[in-house]
Amino acid sequence: MRIAILHYHFDRGGVTRVVSSTLDAFRTRFDHQFALLSGRPVDGIDAPSDFIPGLDYSTTANQTPSADELYETICQSARTLFAGHLPDVWHIHNPALGKNTAMVGLVHRLAASGQALLLHEHDFAEDFRPANFQLREAARQLNESPFPHSERVRFATLNARDRRILLSAGMPTDHVFSLANPIPSSDFISAEKDSDLFLYPVRALARKNFGEFLLLAYAGGNQFHWKTTLPPTNAAYQRQFERWKDIGAKLSLPVSLGVAEEDDLSFEERIGSCRAVVSTSVAEGFGLSFLEPWTFGRPVVGRNLPEITSEFVESGVPLESLYDRLPVPTEAVDVKKVASKWRQGVESAYSSFGVASTSEEVSQIEEEIRNSSDIDFALLGESLQEDALVTIKKKNIPFSLPFSGEFPSDTEIESARATILKNFSLSSYADKLEMIYKLVAESPSGPIDSIDTDKVLSGFLHPSRFRPHFVE
């Protein structure tokens with residue numbers, strides 16, 4: 001079977017790691033041939049590939065071709081990669097995310113021509129990504145839904161929440177699969193007993209909540225060092241990333257941000273040198289960062305995301321070191337300003353999606369913020385987080401780490417590791433993905449249907465889920 005994997009880019013990051021794991025999972029399944037089609041040059045992945053600039057993110061500096069032109073280009077590319085044949089399945093990652101103005105039209109042209117598609121949604125524009133949503137909606141034709149489906153066009157989501165939202169919007173049960181990311185088997189790396197490093201292996205962007213990472217560094221005093229790995233690929237976030245670097249230096253915090261810019265250590269080498277892995281993210285599609293570190297023998301600490309992690313806890317992964325909120329005393333913030341900016345942010349977000357906010361629920365949350373004896377740090381946007389950090393440092397406000405310095409034993413970590421590798425193994429992932437490939441490839445052509453896109457939007461837009469990081 002010939003499978004074309006198509007994505008905007010294969011730079012280092014979440015989707016690329018999933019694709020790499022997919023290829024690894026199929027290495028011994030010799031009746032499958034894979035090729036990559038990418039909007040940027042492919043480096044570091046062992047598979048045939050083609051660089052198609054029109055697949056890259058649409059920006060003012062990067063003009064995207066029409067859907068018709070892009071369709072012809074990728075079909076020609078696929079025929080070159082597959083010795084004159086089109087693929088049996090097009091495996092397209094994040095087609096509805098709103099990163100490329102031609103993507104929705106491209107998917108419709110592929111579907112209309114009867115080709116088999118697996119549309120693999122890691123993230124959703126509806127999940128408080130108004131800029132993505134606006135780009136996608138402004139570019140697509142009214143008769144071209146971002147969520148088309150048929151017997152030969154099916155979806156995969158990373159978690160039960162996203163699948164549930166698509167089902168509630170009208171997608172048939174057998175047209176959408178919950179496909180948890182695979183976790184490659186890794187060598188257990190014994191911890192360096194004297195390690196003082198907390199590692200946040202992440203690509204820099206607003207949702208990763210770097211201000212909170214700096215607050216943890218402050219709380220840890222000079223007892224530990226804190227590092228993040230990857231700089232932003234989004235040029236729009238570069239300025240804020242540099243601000244976080246400057247603030248860390250200004251406040252003399254033991255942090256190093258974007259260390260992968262300075263060295264070429266492998267992921268395994270970085271994990272091997274750390275005491276624990278940190279996540280302060282306020283939103284995730286799957287939550288690989290909550291699982292993978294355990295396979296290397298490292299516990300995970302940081303902010304909990306119950307709508308993602310509940311499935312992991314149910315399967316037996318110990319995540320007791322995660323906190324649901326990180327309260328800071330009101331003396332560190334202007335509570336009225338926090339409440340006001342939170343409301344402005346959520347109303348701005350709803351307005352960007354062209355819908356009215358649920359004013360009663362918004363007012364209730366705003367009032368709770370105003371009357372709270374402390375504030376969850378994630379309810380502050382990045383600008384207010386900057387102010388709070390400076391105030392906490394200046395006033396020398398006591399602040400403790402929200403997790404214990406006592407970490408699981410090697411035996412406990414090995415047990416968690418075994419649980420994860422059992423439930424999220426490459427082999428089981430490949431089995432499920434192979435089944436989906438065969439199903440869409442062997443299904444007959446039929447009418448293309450769509451779901452209620454307004455219900456997809458309402459499934460994600462809840463004021464209780466909003467964080468100012470989504471719009472700043």
Under 3.5 Å donor-acceptor pairs involving side-chain atoms of residues 442-451, not counting sequence neighbours:
unit_1	atom_1	unit_2	atom_2	d
S443	OG	E151	O	3.4
S443	OG	R154	NH2	3.3
S443	OG	L439	O	2.5

Quick check for you: to the nearest 0.5 Å, what is the distance between W342 atom CH2 and L380 atom CG?
13.0 Å
Can you name the ring pair (Phe, Tyr, Trp, His ring centres under 6.0 Å) partners of F133, sequence neighbours left out?
F353
Is atom CG of D324 surrounded by more than 12 heavy atoms (other residues, nucleotides or ligands) closer than 6.0 Å?
yes
Walk me through it: do S279 and K208 pass the test side chain to side chain donor-acceptor pair (under 3.5 Å)?
CA-CA 8 Å; S279 174; K208 302 305 179 181; over 6 Å; no
Side chains of S372 and E368: closer than 4.5 Å at any heavy-atom pair?
no
Quick one: salt bridge (charged side-chain N to carboxylate O under 4.0 Å, His left out) pairs with a partner in residues 97-118, sequence neighbours left out?
D68-R109, R109-E144
Cationic N near anionic O, under 4.0 Å, D123 to R207
no
Any donor-acceptor pair under 3.5 Å linking the side-chain atoms of Q344 with those of S340?
yes
Pair F155 + H120: ring centers closer than 6.0 Å:
no
Donor-acceptor pair, S38 side chain versus P41 backbone, under 3.5 Å?
no
Distance, nearest 0.5 Å, that separates NE2 of H175 from OG1 of T173:
9.5 Å
Got a second to check how far N159's CG is from L305's CG, nearest 0.5 Å?
11.0 Å
Does the ring of F470 carry R467 above it, NZ/CZ under 6.0 angstrom from centre and within 45° of its axis?
no
Under the criterion side chain to side chain donor-acceptor pair (under 3.5 Å), I'd like the reasoning laid out for D162 against T157: C-alpha separation, chi angles, the key distance, then a yes or no.
CA-CA 6 Å; D162 296 348; T157 65; 5.6 Å; no
Within the supplied structure, the quantity of interest is the number of heavy atoms (other residues, nucleotides, ligands) at a distance under 6.0 Å from E361 CD; does it exceed 12?
yes
Are I92 and L110 close enough that some pair of their side-chain heavy atoms sits under 4.5 Å apart?
yes
Pairing residues for R303 by the salt bridge (Lys or Arg N to Asp or Glu O under 4.0 Å) criterion, not counting sequence neighbours:
E212, D376
Heavy-atom neighbours of E360 CD exceed 12 at 6.0 Å:
no
So F213 and Y200, would you call those rings parallel, tilted or perpendicular, with 30° and 60° as cut-offs?
tilted
Nearest 0.5 Å, what's the CG-NZ distance between D88 and K438?
12.0 Å
Could you walk me through whether S348 and S351 pass side chain to side chain donor-acceptor pair (under 3.5 Å), step by step?
CA-CA 5 Å; S348 173; S351 176; over 6 Å; no
Quiz question: by atom type and distance under 3.5 Å, do the side chains of H32 and Y437 form a donor-acceptor pair?
no
Could you tell me whether the side chain of N100 and the main chain of T64 form a donor-acceptor pair under 3.5 Å?
no
Between T22 and Y429, is there a side-chain heavy-atom distance shorter than 4.5 Å?
yes
One thing to verify: whether R129 and E126 come together as a salt bridge, which I'm taking to mean a side-chain N less than 4.0 angstrom from a carboxylate O.
no
Would you say the side-chain atoms of E382 and W244 include a donor-acceptor pair closer than 3.5 Å?
yes
Under the 3.5 angstrom rule, does the side chain of E311 hit a backbone N or O of A160 as a donor-acceptor pair?
yes
Over 12 non-hydrogen atoms of neighbours within 6.0 angstrom of NZ in K432
yes
Is the ring pair H93/H7 parallel, tilted or perpendicular, if the boundaries are 30 and 60 degrees?
perpendicular
In Å and rounded to the nearest 0.5 Å, what is the CD1 to CZ distance from I5 to F34?
5.5 Å
For R40, give me all partners under salt bridge (Lys or Arg N to Asp or Glu O under 4.0 Å), at least two apart in sequence or on another chain.
D11, D56
Quick check with a 6.0 Å cut-off and a 45 degree axis cone: is R465 positioned over the face of F460's six-membered ring?
no
Classify the angle between the aromatic ring planes of F267 and F296 as parallel (below 30°), tilted (30 to 60°) or perpendicular (above 60°).
perpendicular
Please determine, by modelled atom types, if Q238 and E242 share a side-chain donor-acceptor pair under 3.5 angstrom.
yes
Under 4.0 Å between a side-chain nitrogen and a carboxylate oxygen: does that hold for R17 and E292?
yes
Under a plain distance cut-off of 3.5 Å, with no hydrogens placed, do S281 and E284 share a side-chain donor-acceptor pair?
yes
Student check: side-chain heavy atoms of L384 and V333 closer than 4.5 Å
no
Taking atom CG of D43 as the centre, report whether more than 12 heavy atoms of other residues, nucleotides or ligands fall under 6.0 Å from it.
no
With sequence neighbours excluded, tell me which residues meet salt bridge (Lys or Arg N to Asp or Glu O under 4.0 Å) with R343.
E347, E366
Parallel, tilted or perpendicular, judged at 30° and 60°: which one describes the rings of F210 and Y237?
perpendicular
Closest non-hydrogen atom pair, G258 against T228
N-OG1, 2.9 Å
Spatial distance of atom CD1 (I308) from atom CG (L288) [nearest 0.5 Å]:
12.0 Å
Below 30° counts as parallel, above 60° as perpendicular, anything between as tilted: where do the rings of F312 and F424 land?
perpendicular
Tell me if a side-chain donor or acceptor on S77 pairs with a main-chain N or O of T73 at a distance below 3.5 Å.
no
Within-4.5 Å side-chain heavy-atom neighbours: V89 and I436
no
Between N423 (side chain) and T419 (backbone), is there a donor-acceptor pair under 3.5 Å?
yes
